[in-house]
There are 2 protein chains.
Amino acid sequence: MTTSQSDPGARLLSAVSRLNRWATRHADLQIPPAQARLLSLIDSIGPARIGELAEADHCSQPTMSTQVQRVESAGWASRTDDPSDRRASMIELTDEGRDVLNEVRAARHRAVADVFATLTPAETAAVDQATTVIEKFVARSESTK
Amino acid sequence: MTTSQSDPGARLLSAVSRLNRWATRHADLQIPPAQARLLSLIDSIGPARIGELAEADHCSQPTMSTQVQRVESAGWASRTDDPSDRRASMIELTDEGRDVLNEVRAARHRAVADVFATLTPAETAAVDQATTVIEKFVARSESTK
DNA sequence: CAGACTACATAGGAGAACTATGCATCGTCA
DNA sequence: TGACGATGCATAGTTCTCCTATGTAGTCTG
């Protein structure tokens, strides 16, 4: 007997959790996943404060503090004082950080390449559309708090 | 300056990692995410051995051993001896486990409900298709090893 | 300008994952 | 049939990620 599995939302999140699990194990990132996510985030929302990064990543501020310290001590990001608020500082990628991020993206690409090759054109299109919707989904969920 | 972010595969995995992060924080699951994932897995592939579960979840055997012990001691799964191999045992959901799983699915549904309400019909359709493709994706990647 | 608020850091703990390793059972083959 | 490698699982120890609670320094406001 199987419990009901019909709700689209539950199904999506379940599938995403599983794909994420697969990707974490399969894509050989060289760096911890959370740090890869952070580099990608800094790259996309530009120089930002710790609090802004935490909100955008949907994690707590202390968690982001720690992660920033890690990527900073690895030399992948740097802080500059926020002239308008001496408590805060702006986090941005270093050149080395950008290199690492590009390597992360290459690794992700390599991870899916084999499977992508087996997809039909229609499925490839669906994946592309799916990605766009998911990106919009996460972005929209920020305002929904 | 922004590094290139055009590769479909890298983009998909990045988006998925972010949505998963959002879901983990936002969906109030009551139980740890890995255990939720395990209940869902046991439900979908039926009574199975630890090794089979580990492979299907793309995790190591020791990791699955520990997780099974947790859901077992919580009363959500049970073991029965595998008659054909005394080293192994079959893991299956208990009635209570099914109840918990249904609650997990309800929580996931609640988590996305607000955002789903803001999607256009076309986007909803895209999400639905996306889910199907992702499920296929993960399933197919099993054979690609 | 005192007190509330804000931005970040630190401390401490739980969960999830890994590799390495040990033990019991299984299968096979001399 | 009995020894030996292979297999299935458990345990140990470590790393990473994340949380809440709390402390501290800087900012704003009545």
Side-chain angles (χ1 to χ4, degrees), chain A residues 17-42 47-74 76-91 104, chain B residues 17-18 20-41 47-74 76-91 104:
Chain A
S17 137
R18 214 163 283 292
L19 176 54
N20 188 62
R21 181 77 201 90
W22 173 86
T24 303
R25 186 173 174 83
H26 212 73
D28 197 6
L29 288 190
Q30 312 294 355
I31 75 172
Q35 292 177 38
R37 211 178 58 235
L38 176 53
L39 293 184
S40 171
L41 180 63
I42 299 175
R49 299 170 161 217
I50 297 229
E52 291 169 345
L53 293 173
E55 188 183 0
D57 196 43
H58 305 288
C59 73
S60 69
Q61 168 266 310
T63 294
M64 187 52 74
S65 268
T66 302
Q67 291 299 347
V68 165
Q69 283 166 19
R70 291 193 187 184
V71 298
E72 190 188 4
S73 73
W76 302 329
S78 63
R79 303 176 186 234
T80 60
D81 291 343
D82 183 338
S84 71
D85 190 337
R86 264 192 301 169
R87 294 168 301 180
S89 41
M90 307 301 285
I91 315 298
V104 163
Chain B
S17 141
R18 215 163 283 293
N20 189 62
R21 182 76 202 91
W22 173 84
T24 303
R25 185 171 173 84
H26 213 74
D28 197 7
L29 287 190
Q30 312 296 354
I31 74 172
Q35 290 176 40
R37 211 178 59 234
L38 176 53
L39 292 184
S40 172
L41 180 63
R49 300 171 161 217
I50 297 233
E52 290 168 346
L53 293 173
E55 188 182 3
D57 196 43
H58 305 289
C59 72
S60 70
Q61 168 266 310
T63 294
M64 187 53 73
S65 267
T66 303
Q67 291 300 345
V68 164
Q69 282 165 20
R70 290 192 187 183
V71 299
E72 189 186 7
S73 73
W76 303 330
S78 63
R79 303 177 186 234
T80 59
D81 292 342
D82 183 337
S84 72
D85 191 335
R86 263 191 301 169
R87 293 168 302 180
S89 41
M90 306 301 284
I91 316 297
V104 163

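Just so we're on the same page: letters track the sequence lines, and every chain starts at 1. Note that these values count all heavy atoms, side chains included, but never hydrogens, waters or copies made by symmetry.
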* Asked: Looking only at side-chain N and O atoms, does R86(B) come under 4.0 Å of OP1 or OP2 in dA24(C)?
  -> no
* Report the distance from atom CG of D82(B) to atom P of dT25(C), rounded to the nearest whole Å. => 14 Å
* Structure fact -> Separation of dT25(C) atom C1' from D81(B) atom CG, nearest Å, is 13 Å
* Roughly how bent is the helix from dC1(C)-dG30(D) to dA30(C)-dT1(D) end to end, in steps of 10 degrees, with each end axis from five pairs? -> 10°
* Structure fact -> The complete set of salt bridge (Lys or Arg N to Asp or Glu O under 4.0 Å) pairs with one or both residues in residues 22-40 of chain B, sequence neighbours excluded, reads R37(B)-D57(B)
* Asked: Which nucleotide of DNA chain D is the first, and which the last, in the 5' to 3' direction, to come under 4.0 Å of a heavy atom belonging to chain B?
  -> dT7(D) to dC19(D)
* Who are the salt bridge (charged side-chain N to carboxylate O under 4.0 Å, His left out) partners of R79(A), not counting sequence neighbours? -> E72(A)
* How far apart are the closest heavy atoms of L41(A) and L53(A), and which atoms are they? -> CD2-O, 3.5 Å
* **Partners passing side chain to side chain donor-acceptor pair (under 3.5 Å) against S60(B) (at least two apart in sequence or in another chain)** => T63(B)
* Structure fact -> In short, A77(B) meets I91(B) closest at the heavy-atom pair CB-CG2, 4.1 Å
* Can you tell me how far C1' of dA16(C) sits from CG of D57(B), to the nearest Å? -> 11 Å
* Are the side chains of S40(A) and R18(B) in touch, meaning some heavy atoms are under 4.5 Å apart? -> yes
* Asked: How would you list, by chain and number, every residue that makes a side chain to side chain contact (heavy atoms under 4.5 Å, CB included) with S73(A), sequence neighbours excluded?
  -> none
* To do: Return the set of residues passing side chain to side chain donor-acceptor pair (under 3.5 Å) with S89(B) (not counting sequence neighbours), or none when no residue passes.
  => none
* Asked: With sequence neighbours left out, what residues match Q69(A) under side chain to side chain donor-acceptor pair (under 3.5 Å)?
  -> none
* Structure fact -> Across all chains, not counting sequence neighbours, the salt bridge (charged side-chain N to carboxylate O under 4.0 Å, His left out) partners of R70(B) are none
* Sidechain-backbone polar pair: E52(B) side chain, R49(B) backbone, donor-acceptor under 3.5 Å -> yes
* To do: Can you check each nucleotide of nucleotides 8-14 of chain C against protein heavy atoms at under 4.0 Å and return B for base, S for sugar-phosphate only, - for none, in 5' to 3' order?
  => BBB----
* **Rounded distance in Å - CH2 (W22(A)) to P (dA16(C))** => 22 Å
* Structure fact -> Nearest heavy-atom approach of M90(B) to P47(B) is CE-O, 3.5 Å
* Asked: Does anything in residues 30-38 of chain A reach DNA chain D, meaning a heavy atom under 4.0 Å, and if so which residues?
  -> P32(A), P33(A), A34(A), Q35(A), R37(A)
* Results of side chain to side chain donor-acceptor pair (under 3.5 Å) for R87(A) - residues two or more places apart only -> D85(A)
* Asked: Roughly, in whole Å, what's the span from NE2 in H26(A) to P in dA17(C)?
  -> 17 Å
